Amino acid sequence: MSGHDDHDGCCGSRSKRLTPAMRERFERVYAPEELGGRRRFLQALGGAAAAGILAGCSSSDASTSTAGPASPSGSTTTTDESVTTATADSDAADATVVEGTLVLGEEMDVTEGRIRIEDGQIESITEEGVDSDRLIAPAFVNPHTHITDATAKDGERARNFSWFELFIDPGLKSEINDAATREQKRTAMAQTMQFMRASGTGTFVDFKEEGIPGIEDLNMVDEGTAVDAVGLLTGAIDEDADLEAEIEKADGYNTYAPYGEQAERAREICDDLDKVFALHSGEPDADDIDASLALNPDYTSHMVHAREQDYETLSNDDIGVVALPRSNLVILDELPPLERLHEATTVALGTDNVMLNAASMLREMEFTSKLFDVTPTEVLKMATINGARLSKRADRIGSIEEGKRARLTVFDTSMELKNVVDPIAGIVRRATARDVERTILR
């Protein structure tokens, strides 16, 4: 992205400006000694200018092309030969053995070695010295997206609306999406999934607010790419419909407050079918938290306005939380209490709607690592195995282990990752999509 002036893009004329003094201070936010004051600084800025930089208004991924012609089949062209955006069919050409510095197991242990892939699974892992400089980590798991919103990349106007104006009755997002054709939505979703793969994501959970037609569109697009889409049927179902039959067509269910008998029944059905039941809680305020947690979801997202009693409930009832820091900052000018949530329960990272945030787990990890007092290893877990746990897939994906599916992100260390001392910190705090040599998805 180039040409940022006072009237362009997400740094538009109605946003607050970074003065030279603010810029100097902003640069210092990235220093480790600044951990304690970061939120206060962002709040002082009102979130607007900071969000423009940290929530997607940057050039770090600009040379990773997902901008070529795309179709719902998943095909794309790219101008960066170091980035693989191959479809599922071309994955057959991937080598059966990959080697380099490996990030292994659910604890993200770092060692040199080789991974042998056979029939789509990790057949064996050999820990030994190798000549390769590549860095190999689990493919990322993103447990909270709304990728149909890729038709509504409307940053300048959207940033000037409140949360309620963006999303409620019907909200700017719905107005833009409703104006798009079904083919435009499918193409936008396909392009987003191609970008996900190019930036290291192998699996994502999508909240499909268009009911069964939305699930059908997602499944159709998903057939053309090796990225796995987990589609949650979202919103109230017509009372005359067979709720169980509808949920069976999806990978799970989500709805929004106020909750009623249908939500309670959906919770039971998801338990019976071993499908994901996920909710949203505490985003604009705390009003929906009690009712949401009472449904005992597999996980809930946001929890920006978590109260003291909520941490105990999350812990006692084993309810996971998906934290969405970039989204919360750009939409609410607030951040989730991530450290407290992390102490209470399993926390995963998600990117939320594509309307205002690129679906890049790399950006989400960098943002989280530099804004919160959590270690790079904890952040990497939030972007991999924790998301797999919350989406009920940790036995298959989310970590590099023998017997699991071969879902690997291979990093080239000749550019931004050159000379990194700590490989995990390098992935979490420095890597961009340009550094992803390929994402192996079997």
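Values in this document were obtained by computation on a predicted structure and should not be read as measured data. For this chain, numbers begin at 1 and follow the sequence in order.
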Should we say atom CG of Asp272 is surrounded by more than 12 heavy atoms from elsewhere, each under 6.0 Å from it?
->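 Counting other residues, nucleotides and ligands, CG of Asp272 exceeds 12 neighbours.
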
Basic-acidic side-chain contact under 4.0 Å: Arg182, Asp217 = yes

Return yes if some donor-acceptor pair links the side-chain N/O of Arg114 with the main-chain N/O of Glu128 below 3.5 Å, else return no.
-> no

Give a yes-or-no answer on whether the side chains of Asn177 and Thr151 include a donor-acceptor pair shorter than 3.5 Å.
-> yes

Counting distance only, does the side-chain N/O of Glu264 pair as donor-acceptor with the main-chain N or O of Glu261 below 3.5 Å?
->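 No.
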
What's the shortest heavy-atom distance between Ile117 and Ile440, and which atoms?
-> CD1-CG2, 4.2 Å

Are Lys185 and Glu183 ion-paired here, with the side-chain N under 4.0 Å from a carboxylate O?
->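 No.
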
Are a donor atom and an acceptor atom from the side chains of Tyr256 and Glu209 found within less than 3.5 Å of each other?
-> yes

Any salt bridge between Asp298 and Lys392, counting N to O under 4.0 Å?
->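 A salt bridge links Asp298 with Lys392.
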
Considering all heavy atoms, the nearest Gly202-Leu441 contact | CA-CD2, 3.6 Å

Which atom pair, heavy atoms only, marks the closest approach of Ala306 to Leu341?
-> CB-CD2, 4.4 Å

Work out which heavy atom in Trp163 is nearest to a heavy atom in Ile331; give both atom names and the distance.
-> CD1-CG2, 3.6 Å

So, Glu366 and Arg363, do they make that salt bridge, N to O below 4.0 Å?
-> no

Indicate whether any N or O donor in one side chain lies under 3.5 Å from an N or O acceptor in the other, for Arg429 and Ser369.
-> yes

Would Asn357 and Thr351 count as a side chain to side chain donor-acceptor pair (under 3.5 Å) if you check the C-alpha gap in whole Å, the side-chain angles of each, and the deciding distance to 0.1 Å?
-> CA-CA 7 Å; Asn357 292 298; Thr351 61; over 6 Å; no

Under 3.5 Å donor-acceptor, Ser132 side chain and Glu99 backbone | yes

Just by distance, do the side chain of Ser199 and the backbone of Ser360 share a donor-acceptor pair under 3.5 Å?
-> no

Counting N and O atoms only, with roles assigned by atom type, does the side chain of Asp242 sit under 3.5 Å from a partner on the main chain of Glu244, one being a donor and the other an acceptor?
-> yes

Trace of the side-chain contact (heavy atoms from CB on, under 4.5 Å) decision for Arg442 with Arg407 | CA-CA 6 Å; Arg442 300 290 182 84; Arg407 315 283 286 181; 5.6 Å; no

Decide side-chain contact (heavy atoms from CB on, under 4.5 Å) for Val230 and Arg393; before the verdict, give the C-alpha distance in whole Å, the side-chain angles of both, and the deciding distance to 0.1 Å.
-> CA-CA 10 Å; Val230 180; Arg393 284 159 172 76; 3.6 Å; yes

Glu106/Lys381 salt bridge by N-O under 4.0 Å criterion | no

Which class fits the ring pair Tyr299 and Phe207: parallel under 30°, tilted 30 to 60°, perpendicular over 60°?
->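 The arrangement is perpendicular - the two ring planes meet at more than 60°.
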
Give a yes-or-no answer on whether the side chains of His146 and Asp206 include a donor-acceptor pair shorter than 3.5 Å.
->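 Absent: no donor and acceptor within the cut-off.
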
Do the side chain of Thr192 and the main chain of Ala150 share a donor and acceptor less than 3.5 angstrom apart?
->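 Absent.
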
Backbone N/O of Arg434 and side chain of Thr432: donor-acceptor pair under 3.5 Å =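 Present.
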
Nearest 0.5 Å, what's the OG1-CG distance between Thr368 and Leu335?
->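 So the gap between those two atoms works out to 9.0 Å.
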
Residue pair His144 / Asp352, side-chain donor-acceptor N/O under 3.5 Å |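 Looking only at side-chain atoms, Asp352 and His144 do form a donor-acceptor pair, the distance falling under 3.5 Å.
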
Is the backbone N or O of His302 less than 3.5 Å from a side-chain atom of His280, with the two atoms forming a donor-acceptor pair by type?
->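 Answer holds: no.
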
What distance separates Ile400 CD1 from Ile136 CD1, expressed to the nearest 0.5 Å?
-> 7.0 Å

Check: Ile125 main-chain N/O paired with Glu402 side-chain donor or acceptor under 3.5 Å =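 Checking the backbone N and O of Ile125 against the side chain of Glu402, a donor-acceptor pair under 3.5 Å is found.
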
Is the shortest side-chain N to carboxylate O distance from Arg405 to Asp228 below 4.0 Å?
-> yes

Result of checking Asp251, Leu232, Asn254 against Val276 for side chain to side chain contact (heavy atoms under 4.5 Å, CB included) | Leu232

Kindly determine whether Ile147 and Met193 satisfy side-chain contact (heavy atoms from CB on, under 4.5 Å), including the steps that lead there.
-> CA-CA 8 Å; Ile147 69 169; Met193 291 170 70; 4.0 Å; yes

Is any NZ, NE, NH1 or NH2 atom of the basic residue among Glu312 and Arg307 found under 4.0 Å from an Asp or Glu carboxylate oxygen of the other?
->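 No, this pair does not count.
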
4.5 Å side-chain heavy-atom contact, Leu408 and Ile115 =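 A side-chain contact exists here, since the closest heavy-atom pair is under 4.5 Å.
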
Does the side chain of Val410 reach to within under 4.5 Å of the side chain of Thr439, using non-hydrogen atoms?
-> no

From OG1 (Thr346) to CG (Leu390), nearest 0.5 Å =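 So the OG1 of Thr346 and the CG of Leu390 are separated by 6.0 Å.
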
Backbone of Ala152 reached by a side-chain donor or acceptor of Asp149 within 3.5 Å |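 Side chain of Asp149 to backbone of Ala152: no pair is present.
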
Could Arg340 and Tyr311 be counted as a cation-pi pair, given that NZ or CZ must be under 6.0 Å from the ring centre and within 45° of the axis?
-> yes

